[in-house]
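Below: one structure, written as structure tokens.
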Amino acid sequence: MQTPNRLPDDSGEKGLGSAPESNAKPTLNFIQEIIAKDLKSGKYDGRVHTRFPPEPNGYLHIGHAKSICLNFGLAAEHEGGLCNLRFDDTNPIKEEDEYVKSIIEDIRWLGFDWEDRLFYASGYFEQMYQYAVRLIELGKAYVCDLNAEQTRECRGTLTKPGKDSPYRNRSVKENLDLFERMRAGEFPDGLRTLRAGIDMTSPNLNMRDPVIYRILHAAHHRTGDKWCIYPMYDWAHGLEDSIEGITHSICTLEFENHRPLYDWFLEQLGVYHPQQIEFARLELTYTVMSKRKLLELVKEGYVGGWGDPRMPTISGLRRRGYTPESIRNFCRGIGMAKFNSVIDIARLEHSLRDDLNKRSPRVMGVLRPLRVVIDNYPEGQVEELDAVNNPEDPSAGTRKVPFSRVLYIEREDFREDPPRKFFRLAPGREVRLRYAYFVTCVDVVKDARTGEVVELHCTYDPATRGGDSPDGRKVKGTIHWVSAAHALTAEVRMYDHLFTKENPGEVEEGADFKANLNPNSMERITSCRVEPSVAGATPGSRYQFERNGYFCVDPDSSAETLVFNRTVGLRDSWGKIEKKLQQKKR
RNA sequence: UACCCGGUGGUGUAAUUGGUAACACACCAGGUUUUGGUCCUGGUAUUUCAGGUUCAAGUCCUGACCGGGUAGCCA
């Protein structure tokens, strides 16, 4: 018994309608409209049954997430709706079991469930073969002895019609015999093909007697050596959809020209006929989204693998610290169109921050430590100060943070010669140490040789314990800190866009997208200090390091060394001001 | 030069299907704030062009222009 797909319970769920991250009335995108119409007319007996059909030849990326959310979402928003997971594994040369595993893991992680409906195109190979036999018997398919090059020559061009293959008029009997012998392995790779007999003069190249079976003596990751002929996409895909009783077969735009063929096969065979609908694939600024290019980055070692935190893959985003919710919200918000568009990656980062802000416990962590001694604080004294865990969520409670005489603050929170609008620490200036005391910088210690600031001396005002001044005195800045004696040492990996250009494909003559790789897409900082409350944090745990950004514990982390990935920074308005000030100077 | 698809602010999508062009992101300005975060308020800016139908056109018609896809025994 099959039960409906359920969409994970996102707050503020409004269905897949475009745009409405807010309270806007839910509007239907063009696919939802088609489904609504079909439901009304009873076209598929009121059923909605979609499928997500990845080829296991690479890892899933954020573009796939759009399709996954679409297909599973469509099923979830209709009573009794179903969505299958189906591996489109018709090309053994490119496909591997490793990819199958990762795809399953990624879709699960995204929060979707196909229950018992996990299918493989390879599971239908026998049926597809029988359908091909039927097409031959119908006189609509023939075995062709042309090789690949000859086939291409015969096909004609975009502007010139093709010519009929000399083997087009073989008898049904001969075709049946030859096709059976193709299957039996009598011929080497490429010697013959089975082609549909349609129309070599069609303006749609896909209709010019497309190949539907090729000979490939290759082991398949699921069927092993059982087959040496494999179906082509156009033949296989519609049959897969038909066999599974799919109602709406959603694919990307480049298959638009294939729809006539999709329809033709099912019509000739007289079998159940789903409807193919095309939508625009997702593109993002500052990254690439083709499996081919991602594979290239992996194989040539530009990144650490498919799951490198800089990759737009699901596994990369996961390791980086993205939440499934943020990805789903993003996918819901970007809408659905019939033309290619490029979405600003800032939008993905926005849904990330939006989600992380609500759920991340706050913690203090210093990325680039600067030693501070509080001269008038008693040596050896330690105070446990109260800190709020999450201002967005009172139920998260508070924790104790140790304070002592020697602290670390962020190097960039001190300027010996502070520019205008710099509200942080400087000689003679008073700031608040978050949840602790007001401190005033009284001395700056520099390295005699390099002139580098190595230590600060401050005095604190005991009356400001907790961060409030009883006399109503105001400070412009509040900075984070850790107690030197209590802090944990950590490694932090900072990430930036993988490419320096919005459109990585925009390159000089002769160069390719890799010329736009960002040489600074990762920076490793090794002697960071974080407050002791994060001790023992396990991989995947997420925090906001106050004023710094969102971080998550990397799998490389161990009991000895904590390793964090910076998932995304906080919005940085001081950074913008500073940039502007610098531009004015020039 | 063939066929198919498509053009709404800087970006991505809406527009009760012929009736005041709206929402989000980004950007800018201000307010709140023990995170220069969050939150709140305000602002800039849009129907590719030319005709036509209509009381009324982003929406319908015609033409132009621009963009994308297609010549794998890949999917």
Side-chain angles (χ1 to χ4, degrees), chain A residues 17-25 27 29 33 53-55 57 88 90-91 93-95 144 146-148 151-152 155-162 189-195 202-206 208 210-216 230 232-234 236-237 251-260 278 280 285 291-292 333-344 346-351 353-354 357-358 362 364 387-388 391-392 421-424 432-436 466-469 475-480 544-549 569-578:
Chain A
S18 3
E21 269 175 45
S22 66
N23 52 3
K25 51 190 171 227
T27 61
N29 64 47
E33 267 172 20
E55 183 190 11
N57 68 342
D88 207 0
T90 57
N91 185 1
I93 292 171
K94 291 187 177 172
E95 296 151 7
C144 180
L146 260 25
N147 64 30
T151 305
R152 193 179 328 120
R155 187 157 33 227
T157 68
L158 294 175
T159 48
K160 284 193 201 75
D189 288 1
L191 191 74
R192 294 187 221 267
T193 57
L194 183 70
R195 299 176 66 182
S202 170
N204 183 341
L205 294 259
N206 295 123
R208 320 241 261 229
V211 170
I212 60 181
Y213 268 94
R214 77 278 212 187
I215 301 173
L216 226 49
Y230 291 94
M232 298 288 292
Y233 170 86
D234 287 307
H237 205 89
C251 61
T252 45
L253 250 27
E254 68 271 26
F255 292 104
E256 229 162 358
N257 293 326
H258 293 244
R259 185 163 13 105
E278 309 86 13
T285 55
K291 279 198 237 176
R292 198 208 90 226
I334 53 178
M336 217 47 75
K338 267 181 280 196
F339 58 92
N340 289 301
S341 53
V342 184
I343 288 170
D344 193 337
R347 189 155 177 154
L348 176 61
E349 292 168 345
H350 173 263
S351 27
R353 290 194 187 100
D354 193 45
N357 176 50
K358 285 179 250 166
R362 271 60 170 175
M364 290 196 283
V388 173
E392 303 296 313
K421 292 187 180 171
F422 182 85
F423 302 147
R424 286 112 95 144
R432 172 166 39 232
L433 295 179
R434 179 137 232 230
Y435 299 128
D468 284 310
S469 56
V475 286
K476 291 279 261 196
T478 300
I479 64 175
H480 60 278
Q544 184 196 104
F545 289 4
E546 292 213 22
R547 305 208 306 132
N548 264 325
L570 257 24
R571 281 187 65 212
D572 181 14
S573 34
W574 163 244
K576 280 183 198 166
I577 294 170
E578 194 178 26

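Letters A, B, ... are given to chains in the order of the sequence lines, protein chains preceding strands, and every chain is numbered from 1. No experiment lies behind these values; they were computed from the predicted model shown.
- With hydrogens and angles ignored, a donor-acceptor pair under 3.5 angstrom links the side chain of A/R362 to the base of B/U35.
- In this structure B/C3 sits in a base pair with B/G69, meeting the Watson-Crick or G-U test at under 3.5 Å.
- At the heavy-atom level, A/L191 lies nowhere under 4.0 Å from the strands shown.
- The ring of A/W574 lies on top of the base of B/G36, close enough and flat enough: under 5.5 Å between centres, under 30° between planes.
- Between A/F423 and A/E33, the residue anchored nearer the 5' end of RNA chain B, judged by the nucleotide with its closest heavy atom, is A/E33.
- Counting non-hydrogen atoms under 4.0 angstrom, A/Y230 reaches nothing in the nucleic acid.
- Looking only at distances, a side-chain donor or acceptor of A/R432 sits under 3.5 Å from a matching main-chain atom of A/G467.
- Protein atom CE of A/M336 is 12 Å distant from nucleotide atom C1' of B/G12, rounded to whole Å.
- Within 4.0 Å (heavy atoms only), A/E278 reaches no atom of the nucleic acid at all.
- Sequence order on RNA chain B of the closest nucleotides to A/S341 and A/R434 puts A/S341 first from the 5' end.
- As judged by a 4.0 angstrom heavy-atom cut-off over every strand, A/T157 is placed among the base-contacting residues.
- Across all strands, A/N357 comes closer than 4.0 Å to base atoms (heavy-atom distances).
- Using a 4.0 Å heavy-atom criterion, one finds that A/F545 contacts no nucleic acid atom at all.
- With hydrogens and angles ignored, no donor-acceptor pair under 3.5 angstrom links the side chain of A/E256 to the base of B/U70.
- Per the geometry, CG belonging to A/L146 stands 15 Å off C1' belonging to B/G72, to the nearest Å.
- Among the heavy atoms of the strands lying under 4.0 Å from A/N147 is at least one base atom, whether or not backbone atoms are also near.
- Across all strands shown, A/S202 has no heavy atoms under 4.0 Å from either base or sugar-phosphate atoms.
- Between the CD atom of A/E546 and the C1' atom of B/U38 there is a distance of 11 Å, given to the nearest Å.
- Two residues are said to be in side-chain contact when any heavy atoms from C-beta on lie closer than 4.5 Å; A/V211 and A/L194 fail this criterion.
- For a distance-only test at 3.5 Å, the side chain of A/R547 fails to qualify as a donor-acceptor partner of the base of B/G36.
- Atom CZ in A/F339 sits about 7 Å away from atom P in B/G12, given to the nearest Å.
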Item to complete: Show your reasoning for whether side-chain contact (heavy atoms from CB on, under 4.5 Å) applies to A/N91 and A/R214.
Response: CA-CA 10 Å; A/N91 185 1; A/R214 77 278 212 187; 3.6 Å; yes
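- Checked against B/A14, B/C25, B/G37, the side chain of A/L570 finds its nearest nucleotide in B/G37.
- In this structure, A/N257 atom CG and B/G68 atom P are separated by 15 Å, rounded to whole Å.
- A/L205 comes within 4.0 angstrom of sugar-phosphate atoms only, judged by non-hydrogen atoms across all strands, and of no base.
- Applying the Watson-Crick and G-U wobble criteria (two distances, each under 3.5 Å), B/G43 pairs with B/C27.
- One atom, CE of A/M232, and another, C1' of B/A75, lie 9 Å apart when rounded to the nearest Å.
- For B/C40 and B/C23, the P atoms lie 14 Å apart once the distance is rounded to whole Å.
- The pairing partner recorded for B/U8 is none, the criterion being a Watson-Crick or G-U wobble arrangement whose two distances lie under 3.5 angstrom.
- Using a 4.0 Å heavy-atom cutoff across all strands shown, A/R353 reaches no nucleic acid atom at all.
- From A/E256, atom CD reaches atom CD of A/E278 across 4.5 Å, with rounding to the nearest 0.5 Å.
- Looking at A/K94 and A/E55, no side-chain N of the basic residue comes within less than 4.0 Å of a carboxylate O on the acidic one, giving no salt bridge.
- Contact annotation for A/R571: backbone-only contact, meaning every heavy-atom pair under 4.0 Å involves sugar-phosphate atoms and none involves a base.
- A/P53 comes within 4.0 angstrom of nothing in the nucleic acid, heavy atoms only.
- In this structure, A/H480 reaches neither bases nor backbone, as no heavy-atom distance under 4.0 Å exists between it and the strands shown.
- Under the Watson-Crick or G-U wobble criterion, with both distances below 3.5 Å, B/C60 is paired with B/G52.
- Counting non-hydrogen atoms under 4.0 angstrom, A/D468 reaches a base of the nucleic acid.
- The side chain of A/T90 contributes an N or O atom lying less than 4.0 Å from OP1 or OP2 of B/A75.
- Pairing for B/A15 is absent, judged as Watson-Crick or G-U wobble with the two contacts each under 3.5 Å.
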